[in-house]
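Working notes, structure below.
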Number of protein chains: 2
Amino acid sequence: MPLPQTEIPGRLQAYFSERGIRMTQQRRAILQVMETASKHLDAAQILRKAKKIDPSVDRSTVYRTLKLLKRNGLIDELDLMHIHGEGHYYERKVNRDHIHMACLRCGKIMEFVSDIFENLKQQVEKDCRFKIMVSRLEIGGYCTACRAQQ
Amino acid sequence: MPLPQTEIPGRLQAYFSERGIRMTQQRRAILQVMETASKHLDAAQILRKAKKIDPSVDRSTVYRTLKLLKRNGLIDELDLMHIHGEGHYYERKVNRDHIHMACLRCGKIMEFVSDIFENLKQQVEKDCRFKIMVSRLEIGGYCTACRAQQ
DNA sequence: ACGCTTATTGCAATCCGTCGCATCTAGCAC
DNA sequence: GTGCTAGATGCGACGGATTGCAATAAGCGT
């Protein structure tokens with residue numbers, strides 16, 4: 001029983017079919033959630049939102065799809081230093097890697113883009129002769145507001 | 001029923017008693033495991049090794065102790081880019097932060113220390129006015145040997 | 001449009017990590 | 001050494017994430 005086909009960017013369709021990955025209704029629903037998410041969803045939130053689009057989506061399909069997307073570099077997985085428990089968070093991969101900073105006191109998440117980070121990765125690739133596919137820098141500490149109140 | 005008291009470094013004894021953290025038999029067993037581990041144990045391995053020293057050690061005590069040690073900056077928690085599944089790994093904290101690189105093909109874990117990493121952290125502290133307490137840079141990619149064989 | 005093949009799914013069982021609570025014990029005072 | 005008390009433990013129960021397997025459906029050839 002076909003559901004209304006939700007709009008998925010052509011680049012993803014192409015990426016999938018090139019390597020024989022099937023575009024199922026469930027994946028389409030999950031992808032739509034990831035594409036339209038403002039930020040940092042955890043698996044439970046993704047499941048809930050995906051079920052609204054296609055109620056048949058199962059928990060295990062969400063986890064399997066997230067793993068697939070992660071393996072293919074289409075999303076990033078974060079744990080935000082486990083400030084809010086052990087869960088993991090997911091966000092669409094953007095062109096430039098960014099650093100995540102989590103305030104250990106107020107829980108706020110900040111992002112930061114840095115040329116030095118790019119330099120560091122280049123150094124690793126060169127000095128270790130290591131081809132970087134994915135990288136993640138997460139920092140825990142205290143934000144400006146919380147430092148003042150300590 | 002007292003077990004043979006295993007040797008725990010004085011610095012840890014001092015650190016604990018200063019802040020009213022009790023040195024129990026179970027913690028002593030777990031600490032001994034961490035101190036003598038060559039590297040990167042996961043929770044199940046720590047439990048198994050600790051049980052050999054003190055069979056009464058329970059799973060939840062291991063998790064609680066790891067959390068305690070992490071909170072106090074005595075160990076680092078890694079996920080090594082989830083190459084071997086979702087589990088977490090633990091290692092004794094050493095003075096200088098190091099980068100972990102995980103080969104996505106052979107699974108080998110490499111470490112790297114870099115001044116640029118230190119510079120990057122300084123930049124974050126300055127530009128974001130953020131006090132860093134803990135940081136973790138993990139990289140997934142392909143090591144020299146595996147690059148050659150692709 | 002129809003069938004075929006195999007990737008993908010849903011379900012149930014399982015595993016891993018956490019939590020509440022009653023019990024125990026480390027560390028201190030005497 | 002003995003007793004006291006709060007911190008720590010073990011146990012059982014729970015929720016989140018994973019996995020094996022039979023059933024389903026995507027995508028291709030015709």
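Predicted model only: the values in this text are computed from it and were never measured. Chain letters run A, B, ... following the sequence lines, proteins first and then strands; every chain starts at 1. Every heavy atom of this structure was used, including side-chain atoms; hydrogens, water molecules and symmetry mates were not.
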On DNA chain C, more 5' by nearest nucleotide between A/Val57 and A/Gly20 is A/Gly20
Hey, does the side chain of B/Gln26 come within less than 4.0 Å of C/dT25's phosphate (OP1/OP2), counting only N and O?
-> no
Starting at OH of B/Tyr90 and ending at P of C/dC16, how long is that distance when rounded to a whole Å?
-> 13 Å
Of the residues in residues 64-71 of chain B, which ones touch DNA chain C at a heavy-atom distance under 4.0 Å?
-> B/Arg64, B/Lys67
If you measure only the distance, is there a donor-acceptor pair under 3.5 Å linking the side chains of A/Gln123 and B/Ser114?
-> yes
OP1 or OP2 of C/dG10 sitting under 4.0 Å from any side-chain N/O of A/Ser56?
-> yes
The single option from B/Lys49, B/Arg28, B/Arg92, B/Lys93 passing salt bridge (Lys or Arg N to Asp or Glu O under 4.0 Å) against B/Glu35 | B/Arg92
Close N/O contacts between protein and nucleotides 27-30 of chain D (under 3.5 Å):
residue : atom : partner : partner atom : Å
D/dG27  : OP1  : A/Met23 : N            : 2.7

Interatomic distance, B/His100 atom NE2 to B/Leu80 atom CG [nearest 0.5 angstrom] | 6.5 Å
Under 3.5 Å, side chain of B/Tyr90 to main-chain N/O of B/Ile46, donor-acceptor pair present?
-> no
N/O (side chain, A/Arg27) to phosphate O (OP1/OP2, C/dT9) under 4.0 Å = yes
Please report the closest heavy-atom contact between A/Ile30 and A/Thr61, naming both atoms and the distance.
-> CD1-O, 4.1 Å
Rounding to a whole Å, what distance do you find between A/Arg59:CZ and C/dT9:P?
-> 16 Å
Expressed in angstrom and rounded to an integer, what is the separation of B/Lys51 atom NZ from D/dG10 atom C1'?
-> 10 Å
When the distance from CG of B/Asn72 to P of D/dG7 is rounded to whole Å, what number comes out?
-> 15 Å
With the threshold set at 4.0 Å, does a side-chain nitrogen-carboxylate oxygen contact exist between B/Arg27 and B/Asp54?
-> no
Step-by-step salt bridge (charged side-chain N to carboxylate O under 4.0 Å, His left out) determination, B/Arg48 to B/Asp42 = CA-CA 10 Å; B/Arg48 198 151 10 92; B/Asp42 65 20; 5.6 Å; no
Test salt bridge (charged side-chain N to carboxylate O under 4.0 Å, His left out) applied to B/Lys39 and B/Glu91, step by step | CA-CA 6 Å; B/Lys39 203 148 280 208; B/Glu91 70 175 7; 5.2 Å; no
Separation of atom CZ in B/Arg48 from atom C1' in C/dC16, rounded to whole Å = 14 Å
Nearest whole angstrom, please: distance from the C1' of C/dA26 to the CZ of B/Phe16.
-> 13 Å
Could you tell me whether A/Thr61 contacts a base, only the sugar-phosphate backbone, or nothing, with contacts defined as non-hydrogen atoms closer than 4.0 Å?
-> sugar-phosphate
Could you state the CG-P distance from B/Asp58 to D/dA13, rounded to the nearest angstrom?
-> 14 Å
Whole-Å distance, B/His88 NE2 to D/dG16 P, equals 17 Å
Exam field: side chain B/Asp58 to backbone B/Ser60, donor-acceptor pair closer than 3.5 Å = yes
